[in-house]
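Written out below as structure tokens is the structure these notes cover.
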Number of protein chains: 2
Amino acid sequence: MNPTTRQPRRSRPETLARRERILEAAMTTFGARGYNKGPLTEIADQVGMTHAGVLHHFGSKDRLLIEVLRYRDESDVKDLEGQHIPGGLDLFRHLVRTALLNARRAGLVQAYAVLSAESVTEGHPARDWFVERYRTLRGQVTEAFRAVCAERGIDEPATVDRAAASILGVMDGLQVQWLLDPDQVDLAESTAFAIEAIMAQVLDPRDVL
Amino acid sequence: MNPTTRQPRRSRPETLARRERILEAAMTTFGARGYNKGPLTEIADQVGMTHAGVLHHFGSKDRLLIEVLRYRDESDVKDLEGQHIPGGLDLFRHLVRTALLNARRAGLVQAYAVLSAESVTEGHPARDWFVERYRTLRGQVTEAFRAVCAERGIDEPATVDRAAASILGVMDGLQVQWLLDPDQVDLAESTAFAIEAIMAQVLDPRDVL
DNA sequence: ACAAAATTACTTACCGGGTAGTAAGTTGCT
DNA sequence: AGCAACTTACTACCCGGTAAGTAATTTTGT
């Protein structure tokens with residue numbers, strides 16, 4: 001039995017819970033300080049162990065980061081479980097509802113905002129993850145657009161691609177402005193407005209410039 | 001004469017040029033690696049001096065960063081000199097042109113994308129600068145919207161505020177996606193599309209959800 | 001059922017690299 | 001003479017990773 005095939009035992013549920021606490025602590029620290037400036041000791045402190053203890057569980061800081069990202073994905077999927085994944089118009093309603101929800105979760109929003117931008121830097125461990133994430137999200141939005149367009153006899157693949165990227169773009173860009181200046185930017189209202197604007201332009205384009 | 005009032009002589013033009021080279025090198029390094037992970041030595045190397053030499057000119061790394069940001073602002077203003085600051089419809093045309101230009105300046109785009117998101121983290125030296133920057137930009141876009149709306153007898157201040165934030169938001173958000181995946185995201189096309197969509201929705205709102 | 005063996009979940013201690021800032025000295029311009 | 005523009009050298013930290021040891025727990029052999 002070679003070491004790559006060997007099953008790590010991982011029998012204890014108490015350990016699993018501990019790892020989850022570490023992952024949540026890591027999200028907090030990376031969100032507040034960024035990956036580069038977020039020290040393992042701060043994460044370890046939150047769960048009452050030393051930084052070597054954290055490394056025992058995750059091997060390296062890089063590995064911890066990607067596990068954090070994967071873990072959050074799983075949690076989100078779990079939240080949607082039972083409910084079907086929304087498509088067509090419902091997807092857009094879902095995005096608007098998400099923006100509304102996000103306005104009450106500044107910590108999480110900040111983590112994604114900081115990490116996604118940081119990920120474009122040289123040799124960042126989360127770069128591939130974010131590339132893949134945006135591809136998937138754009139794909140889902142594109143698909144929803146195609147469904148809505150098909151219902152109305154529209155077929156503009158280039159427009160739909162631009163619109164999908166734009167919708168994700170506004171959501172992210174507004175988050176940064178909102179994090180910097182919450183009193184001046186209404187995250188939910190602005191996001192909803194922009195999504196409607198983009199959808200309207202897809203379904204019935206108008207020139208204004 | 002207390003030290004705050006005292007004029008540093010700064011007579012030599014050669015020195016001024018050297019400082020500008022440092023500022024440009026700093027923008028490069030901070031853009032490529034972020035502020036936190038961008039070491040002074042790398043900046044110093046680019047201009048052929050030691051990191052202590054850089055500190056001699058700018059006092060501290062924090063101070064260097066804000067000088068970099070101020071310097072870029074000045075350069076941009078200088079580029080627009082002679083030409084009047086665009087207003088009304090021209091401002092939006094200017095934004096679209098900027099997006100087109102930006103697709104050829106990945107380095108600069110990355111610097112702003114990385115630094116703006118990093119600035120929301122705890123105690124970041126550029127936070128205030130970015131807060132102010134976005135306020136100013138939103139103000140300018142809002143003003144342009146008001147002008148265009150006035151021509152057409154529209155008066156929807158709340159909508160205009162949301163639209164202004166949204167336009168800056170898409171521009172920024174699309175930049176991150178484009179930096180991560182340049183082959184999958186057309187920065188200029190998507191930005192132009194989104195700006196038109198948002199303008200159309202301001203000038204003639206439609207419900208689609 | 002039970003003792004030995006193996007493994008897990010850590011801690012303490014340390015290493016090594018990196019980095020911002022400072023102090024003191026040197027050279028050359030004004 | 002005096003200041004500007006550096007360099008060299010050093011300090012003081014911080015931080016990720018590793019090694020070695022320990023207690024607890026699980027697995028295994030009988």
Side-chain angles (χ1 to χ4, degrees), chain A residues 1-23 25-26 29-30 32-68 118 121-126, chain B residues 1 3 5-23 25-26 29-30 32-68 118 121-126:
Chain A
M1 206 60 88
N2 72 51
T4 60
T5 324
R6 164 178 57 109
Q7 281 276 71
R9 290 216 250 131
R10 185 149 343 181
S11 34
R12 242 169 347 207
E14 192 204 67
T15 299
L16 236 328
R18 227 133 146 84
R19 286 189 191 209
E20 290 191 6
R21 282 190 57 214
I22 296 173
L23 292 169
T29 287
F30 292 153
R33 316 235 265 147
Y35 174 75
N36 287 321
K37 222 196 175 179
L40 286 177
T41 52
E42 188 180 298
I43 295 163
D45 282 352
Q46 293 177 65
V47 297
M49 60 171 78
T50 63
H51 89 277
V54 173
L55 287 172
H56 165 71
H57 286 290
F58 295 97
S60 75
K61 199 188 175 191
D62 283 15
R63 206 113 44 91
L64 173 59
L65 175 60
I66 69 156
E67 294 275 350
V68 168
E118 206 178 4
T121 58
E122 278 171 22
H124 195 283
Chain B
M1 203 61 85
T5 325
R6 161 179 58 109
Q7 280 278 68
R9 287 214 251 134
R10 184 146 347 173
S11 34
R12 252 181 327 224
E14 191 205 70
T15 300
L16 235 328
R18 223 130 146 88
R19 289 192 187 209
E20 292 191 4
R21 282 190 57 215
I22 295 174
L23 292 169
T29 287
F30 292 154
R33 315 238 262 145
Y35 174 75
N36 286 324
K37 221 195 175 180
L40 287 177
T41 53
E42 187 180 299
I43 295 163
D45 281 353
Q46 292 177 64
V47 298
M49 62 171 76
T50 63
H51 89 277
V54 173
L55 287 171
H56 166 72
H57 286 291
F58 295 98
S60 74
K61 198 188 175 190
D62 283 15
R63 205 116 42 95
L64 172 60
L65 175 61
I66 69 155
E67 295 274 352
V68 168
E118 205 177 5
T121 58
E122 279 172 19
H124 195 283

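In what follows, chains are A, B, ... by sequence order, proteins preceding strands, each numbered from 1.
Rounded to a whole Å, the CZ atom of B:R12 is 6 Å from the C1' atom of C:dC29. Rounded to an integer number of Å, the gap from B:F58 CZ to C:dG21 P is 14 Å. The nearest whole Å value for the distance from the NE2 atom in B:H56 to the P atom in C:dT27 is 17 Å. Between B:H57 atom NE2 and C:dG21 atom C1' there is a gap of 16 Å when expressed in whole angstrom units. Note: CZ (A:R19) to P (C:dC10) measures 9 Å, nearest angstrom. Here the P atom of nucleotide D:dG17 and the CG atom of A:L64 are 10 Å apart, to the nearest Å. Counting to the nearest Å, the P atom of D:dG16 and the CE atom of A:M49 are 16 Å from each other. Distance CG (A:L65) to P (D:dG17): 12 Å, rounded to an integer number of Å.
A heavy-atom distance below 4.5 Å is not found between the side chains of A:K61 and A:P125. Contact check for A:N36 versus A:E118: side-chain heavy atoms found under the 4.5 Å cut-off.
Other residues, nucleotides and ligands contribute at most 12 non-hydrogen atoms within 6.0 Å of the NZ atom of B:K37.
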Please list, for nucleotides 8-12 of chain D, all pairs of protein and nucleotide N/O atoms separated by less than 3.5 Å.
none

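If you take CE on A:M49 and CG on A:L40, they are separated by 12.0 Å, rounding to the nearest 0.5 Å.
The shortest distance between the side-chain N/O atoms of A:R18 and the OP1/OP2 oxygens of C:dT8 is not below 4.0 Å.
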- request: Could you walk me through whether A:V54 and A:T41 pass side chain to side chain contact (heavy atoms under 4.5 Å, CB included), step by step?
  value: CA-CA 9 Å; A:V54 173; A:T41 52; over 6 Å; no
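B:V68 and B:A26 make their closest contact through CG2-CB, 3.6 Å (heavy atoms, listed as atom of the first residue, atom of the second, distance). Of all heavy-atom pairs between B:T121 and A:G34, the closest is CG2-N, 4.0 Å.
A heavy atom lying under 4.0 Å from DNA chain C marks the following residues of residues 32-46 of chain B, by number: B:G38, B:P39, B:L40.
Taking a cutoff of 4.0 Å between a charged side-chain nitrogen and a carboxylate oxygen, B:E67 and B:R19 do not qualify as a salt bridge.
Residue pairs satisfying the ring-ring contact (aromatic ring centres under 6.0 Å, His included) criterion with at least one member in residues 35-62 of chain A, sequence neighbours excluded, are listed as follows: A:F30-A:Y35, A:Y35-A:H124.
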